[in-house]
Amino acid sequence: MAEIRPFRGIRPDRKYAQRVAALPYDVYHREEAAEEAAKDRLSFLNIDRPETQFELEHDMYAPEVYQKAHDMLWQQIGEGIYRQDETACYYLYELTMNGRAQTGLVACASVDDYINGTIKKHENTRAEKEEDRIRHVDACEAQTGPIFLAYRANPVLRGITAETKIQTPEFDFTSEDGIRHRGWKINDAARIRQIREAFQRIDQIYIADGHHRAASAVKVGQMRRADHPDYTGEEEYNYFLSILFPDEELMIMDYNRVVKDLNGLTLEEYLSRVAEKFIIRPADKAVRPEKKGCFGMYLKDRWYHLEIRSEYTNADLVEGLDVSILQNELLTPILGIGDPKTDDRIDFIGGIRGLSELERRVHEDCAAAFSVCPVSIRELFAVADAGLLMPPKSTWFEPKLRSGLFIHSIR
């Protein structure tokens, strides 16, 4: 059973919601974050990336940087930019992109469910990336970036969501990228009980996006438990901010690859090596693969359609993923890219940026680009259920959840 509970959300006043809402902290490089944060002092990016309040030369991991995040957050709460609900509530958050809507339940998930595996992972985390968010959450005394969780659709939750969305939303705005954001509060005691009981009958919850944020929130909770050995389990640090979406509404986009060089091979040598494991067909337009085992490849101003030869397919849950096939049969043996997490000759392009971005990178600083079929939500669930891990940069979810619209205090 999953413990998904309501909480006293800290939320921007309705008139500030659009100004506050910001893309996740990790989609920006430092210079980009500074430029974006400077556009509006109320943008949550100022708090999420507090180094933006200092000179670029300043150590972004210095203690005073995290203290600045704390001070800005609680100062704005004191100013009335944000308000905290008087009672524990659930919330709904709907994002609509290109006419397709997805609606998640905003709630707190259990640290213990993460530890015991009720909340399942499909990616490894890196300690250095966790450390930044551990220090941010600990300093702010609040979780500010929601974890994107997924569950198998449930008729009770589907019905409550539909009934709630008939009401007037707490906020309703369209961000600069054309995505509409709406939110509702659920504070009816009967509805809260129904939601909580529905999740108690759900055995598996999945991290779709936000593995590092989840791991960091859990570690802060464990640190505070260690500091308070008499803890009861009801303290807010035992739970972490999440937005849970039914699988039927989610869309995973392609996560494509570009490489800097052909590993010393001539174009003819390279294509000959690729042809040993892939059927190659020239294409007269950009290739977006439409079935598993197929890839697009762009080099020297030309697109090619690649299809893995049958003898190199793989039925394994992880090794059979297209991102694994591309890595194991082409990127590693032909281009010499052994560890995509650390090799600076490879870069990753989220599908939201389109195939034209692959072309641009090849024209600018790369030798080849590869478009990949997206991982399905079914594949993600299967890998997580088996206790396995996907290769890095396997999934790209859109639209991105905005930070600042819902905050969970762990004071």
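The residues of the chain are indexed from 1 along the displayed sequence. Both backbone and side-chain heavy atoms feed into the values below; hydrogens, waters and symmetry mates do not.
Between the CG atom in Leu244 and the CG atom in Leu157 there is a gap of 9.0 Å [rounded to 0.5 Å]. Atoms CG and CD, from Leu45 and Glu36 in turn, are 6.5 Å apart once rounded to the nearest 0.5 Å. The structure places NZ of Lys400 at 12.0 Å from CG of Asp177, a figure rounded to the nearest 0.5 Å.
Proximity of Phe148 to Ser242: side-chain heavy atoms (C-beta onward) are nowhere separated by under 4.5 Å. Residues Val137 and Tyr66 are not in side-chain contact: their nearest non-hydrogen atoms beyond the backbone lie 4.5 Å or more apart.
For the pair Asp254 and Pro374, the tightest heavy-atom approach, listed with the atom from each and the gap, is N-CG, 3.6 Å. In terms of heavy-atom proximity, Ile280 sits nearest to Tyr304 at CG2-CD2, 3.7 Å. Pairing each heavy atom of Met1 with each of Gln200, the nearest pair is CB-O, 2.8 Å.
Here Glu307 does not pair with Lys292 in a salt bridge; the nearest charged N to carboxylate O distance is not below 4.0 Å. Of the charged side-chain nitrogens involved, none lies within less than 4.0 Å of a carboxylate oxygen, so that Asp26 and Lys129 do not count as a salt-bridged pair. Using a 4.0 Å cut-off between charged nitrogen and carboxylate oxygen, Asp48 and Arg133 count as a salt-bridge pair. Salt-bridge annotation for Asp247 and Arg152: absent, with no side-chain N of the basic residue lying under 4.0 Å from a carboxylate O of the acidic one. Using a 4.0 Å cut-off between a side-chain N of Lys or Arg and a carboxylate O of Asp or Glu, Arg196 and Glu3 qualify as a salt bridge.
No close placement of the Tyr82 and Tyr16 rings is indicated, their centers lying 6.0 Å or farther apart. Residues His136 and Tyr61 place their aromatic rings such that the two centres sit no closer than 6.0 Å.
Lys121 forms a cation-pi arrangement with Tyr114, by the criterion of a distance under 6.0 Å to the ring centre and an angle within 45° of the ring axis. A cation-pi geometry, defined here as NZ or CZ lying under 6.0 Å from the six-membered ring centre and within 45° of its normal, does not hold between Arg353 and Trp396.
Looking at residues two or more places apart in sequence or on another chain, you find a salt bridge (charged side-chain N to carboxylate O under 4.0 Å, His left out) between Lys185 and Asp85.
No hydrogens or angles considered: a donor-acceptor pair under 3.5 Å links the side chains of Gln194 and Arg191. No hydrogens or angles considered: a donor-acceptor pair under 3.5 Å links the side chains of Gln67 and Asp71. Between the side chains of Glu130 and Ser216, no donor-acceptor pair of N or O atoms lies under 3.5 Å. Side-chain N/O atoms of His363 and Tyr298 include a donor and acceptor closer than 3.5 Å.
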Sequence neighbours left out, cut at 3.5 Å: what donor-acceptor pairs do the side chains of residues 50-57 make with other protein atoms?
unit_1: Glu51; atom_1: OE2; unit_2: Arg49; atom_2: NE; d: 2.5
unit_1: Glu51; atom_1: OE2; unit_2: Arg49; atom_2: NH2; d: 3.0
unit_1: Thr52; atom_1: OG1; unit_2: Arg49; atom_2: O; d: 2.8
unit_1: Gln53; atom_1: NE2; unit_2: Asn46; atom_2: OD1; d: 2.9

